[in-house]
A.B. asks: 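Starting off with a structure, shown below.
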Amino acid sequence: MSKAGRLVVLVSGSGTNLQALLDASADPSYGARVVAVGADREGIEGLARATRANIPTFVEKVGDYPTRAEWDAAIAARIAAYEPDLVVSAGFMKILGTPTLDAFPVLNTHPALLPSFPGAHGVRDALAHGVKVTGCTVMLADEGVDTGPIVAQAAVPVQPDDDEAVLHERIKVVERRLLVETVGRMAREGWTVSGRTVRIGNHTGGETT
Ligand code: GAR
């Protein structure tokens with residue numbers, strides 16, 4: 001069974017999900033702590049949040065490498081230096097390559113109920129489709145775009161007047177809670193993956209009478 005005490009969190013923007021993890025891990029009983037924060041761009045609030053919390057940061061930009069494969073290897077090496085038990089892609093707008101995915105479990109958070117509306121515009125696509133309920137998904141990343149095994153989901157109703165920004169903010173309130181709860185449980189209880197089924201905790205499958 002895998003455990004998740006040391007977290008490397010990857011961000012590309014405002015980093016409110018990162019902040020929720022930083023706040024939760026201030027309590028040692030949470031079971032996990034952020035040991036480093038990585039990004040694919042400079043000057044973002046996510047990195048500033050890490051610096052204010054005295055967490056080391058690193059930046060690897062795709063454009064700084066001749067090929068995507070070289071970026072994949074470079075970011076995997078930066079992550080590996082912090083010996084994480086779990087990598088959390090929290091609003092990181094890049095697909096990680098096999099050097100990272102083969103070395104570490106990667107948890108990803110997405111602002112829609114997968115498998116509906118994967119990709120970079122999950123909130124916009126759900127609104128455009130006219131769904132009445134959307135939400136957020138925490139999944140283990142694989143090499144696809146939001147296709148990995150689902151760990152946890154939560155629903156958020158769509159209101160008639162919602163635009164993308166308003167709906168996304170309402171999803172993010174739920175998403176932060178779900179991510180913090182899921183990472184904490186994975187850290188404290190461990191998890192197993194069987195096919196597409198992720199189980200947190202030590203479920204033996206035995207029945208009591
Ligand atoms: C979150 O809603 C996250 O699910 C989304 O970006 C936001 C980041 O917010 N990620 C994706 O859409 C990835 N497909 P944050 O920077 O405030 O944590």
Side-chain angles (χ1 to χ4, degrees), residues 7-26 32 34 36-53 55 57-62 68 75 86-97 100-101 105-129 131 133-159 162-184 186:
L7 309 176
V8 168
V9 182
L10 303 177
V11 295
S12 295
S14 62
T16 65
N17 281 284
L18 163 67
Q19 188 68 54
L21 289 169
L22 289 170
D23 294 348
S25 60
V34 181
V37 172
D40 62 337
R41 61 199 76 183
E42 278 153 6
I44 56 173
E45 180 62 14
L47 288 171
R49 290 176 191 277
T51 301
R52 287 198 291 273
I55 307 287
T57 63
F58 58 89
V59 175
E60 291 294 346
K61 296 185 235 173
V62 171
R68 182 66 177 239
I75 194 152
L86 183 69
V87 176
V88 183
S89 173
F92 187 62
M93 303 308 271
K94 293 282 181 299
I95 304 294
L96 290 161
T100 298
L101 296 174
V106 178
L107 201 66
N108 189 11
T109 180
H110 181 71
L113 290 175
L114 295 170
S116 293
F117 313 118
H121 305 291
V123 180
R124 185 192 306 172
D125 294 345
L127 264 183
H129 197 85
V131 298
V133 177
T134 184
C136 48
T137 302
V138 176
M139 89 222 75
L140 288 167
D142 62 12
E143 46 297 314
V145 179
D146 299 326
T147 52
I150 291 169
V151 184
Q153 292 184 300
V156 175
V158 178
Q159 303 298 344
D162 277 347
D163 62 18
E164 183 182 358
V166 167
L167 179 58
H168 198 172
E169 279 311 311
R170 222 165 53 252
I171 291 170
K172 282 172 69 170
V173 172
V174 176
E175 184 181 19
R176 289 189 283 267
R177 217 181 294 139
L178 186 72
L179 182 66
V180 164
E181 183 198 325
T182 304
V183 169
M186 289 171 80

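We count ligands from 1, going down the list as the structure has it; atoms in each ligand are counted the same way.
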A.B. asks: What's the shortest distance from atom 1 (C) of ligand 1 to any protein heavy atom, and which residue and atom give it?
C.D. replies: E175 OE1, 3.3 Å
A.B. asks: Do T134 side-chain atoms and A126 backbone N/O form a donor-acceptor pair below 3.5 Å?
C.D. replies: no
A.B. asks: Within the distance-only criterion (no hydrogens, no angle test), does the side chain of R170 pair as donor or acceptor with the backbone N or O of A165 below 3.5 angstrom?
C.D. replies: no
A.B. asks: For atom 8 (C) of ligand 1, state which one of G91, G122, A112, P111 supplies the nearest heavy atom.
C.D. replies: G91
A.B. asks: Would you call V180 and L21 a side-chain contact if the rule is heavy atoms closer than 4.5 Å?
C.D. replies: yes
A.B. asks: Are any of the N/O atoms on G15, whether in the backbone or the side chain, positioned under 3.5 angstrom from an N/O atom of ligand 1?
C.D. replies: yes
A.B. asks: Between V138, N17, V145, which one has a non-hydrogen atom sitting closest to atom 18 (O) of ligand 1?
C.D. replies: N17
A.B. asks: Nearest protein heavy-atom contact for atom 9 (O) of ligand 1: which residue, which atom, what distance?
C.D. replies: K172 NZ, 3.1 Å
A.B. asks: Does R41 come within less than 4.0 Å of E60, counting only side-chain N to carboxylate O?
C.D. replies: no
A.B. asks: May I have the step-by-step check of side-chain hydrogen bond (donor to acceptor under 3.5 Å, both in side chains) for S14 and E45, ending in yes or no?
C.D. replies: CA-CA 5 Å; S14 62; E45 180 62 14; over 6 Å; no
A.B. asks: Number the atoms of ligand 1 from 1 as they appear, then name those within less than 4.0 Å of a heavy atom of H110, with their elements.
C.D. replies: 4 (O), 14 (N)
A.B. asks: Identify the heavy atoms of D40 and S12 that sit nearest to each other, and give their distance.
C.D. replies: OD1-OG, 2.9 Å
A.B. asks: At less than 4.0 angstrom from any non-hydrogen atom of S14, what atoms of ligand 1 do you find?
C.D. replies: 15 (P), 16 (O), 17 (O)
A.B. asks: Determine, using heavy atoms of H168 and all atoms of ligand 1, whether some pair is separated by less than 4.0 Å.
C.D. replies: yes
A.B. asks: With a 4.0 Å cut-off on heavy atoms, does T109 reach ligand 1?
C.D. replies: yes
A.B. asks: Check if G119 has a non-hydrogen atom at a distance under 4.0 Å from any atom of ligand 1.
C.D. replies: yes
A.B. asks: Say whether G46 and ligand 1 are in contact under the criterion: heavy-atom distance to a ligand atom below 4.0 Å.
C.D. replies: no
A.B. asks: Hey, are the side chains of Q159 and D162 touching, using non-hydrogen atoms and a 4.5 Å cut-off?
C.D. replies: yes
A.B. asks: Non-hydrogen atoms of H121 versus ligand 1: any pair closer than 4.0 Å?
C.D. replies: no
A.B. asks: What residue and atom, counting heavy atoms only, is the protein's closest point to atom 13 (C) of ligand 1, and at what distance?
C.D. replies: M93 SD, 3.7 Å
A.B. asks: For T109 and E175, which I'm curious about, is there any donor-acceptor pair between the side chains at under 3.5 Å?
C.D. replies: yes
A.B. asks: Would you confirm whether T137, through its side chain, and L114, through its main-chain N or O, come within 3.5 Å as a donor-acceptor pair?
C.D. replies: yes
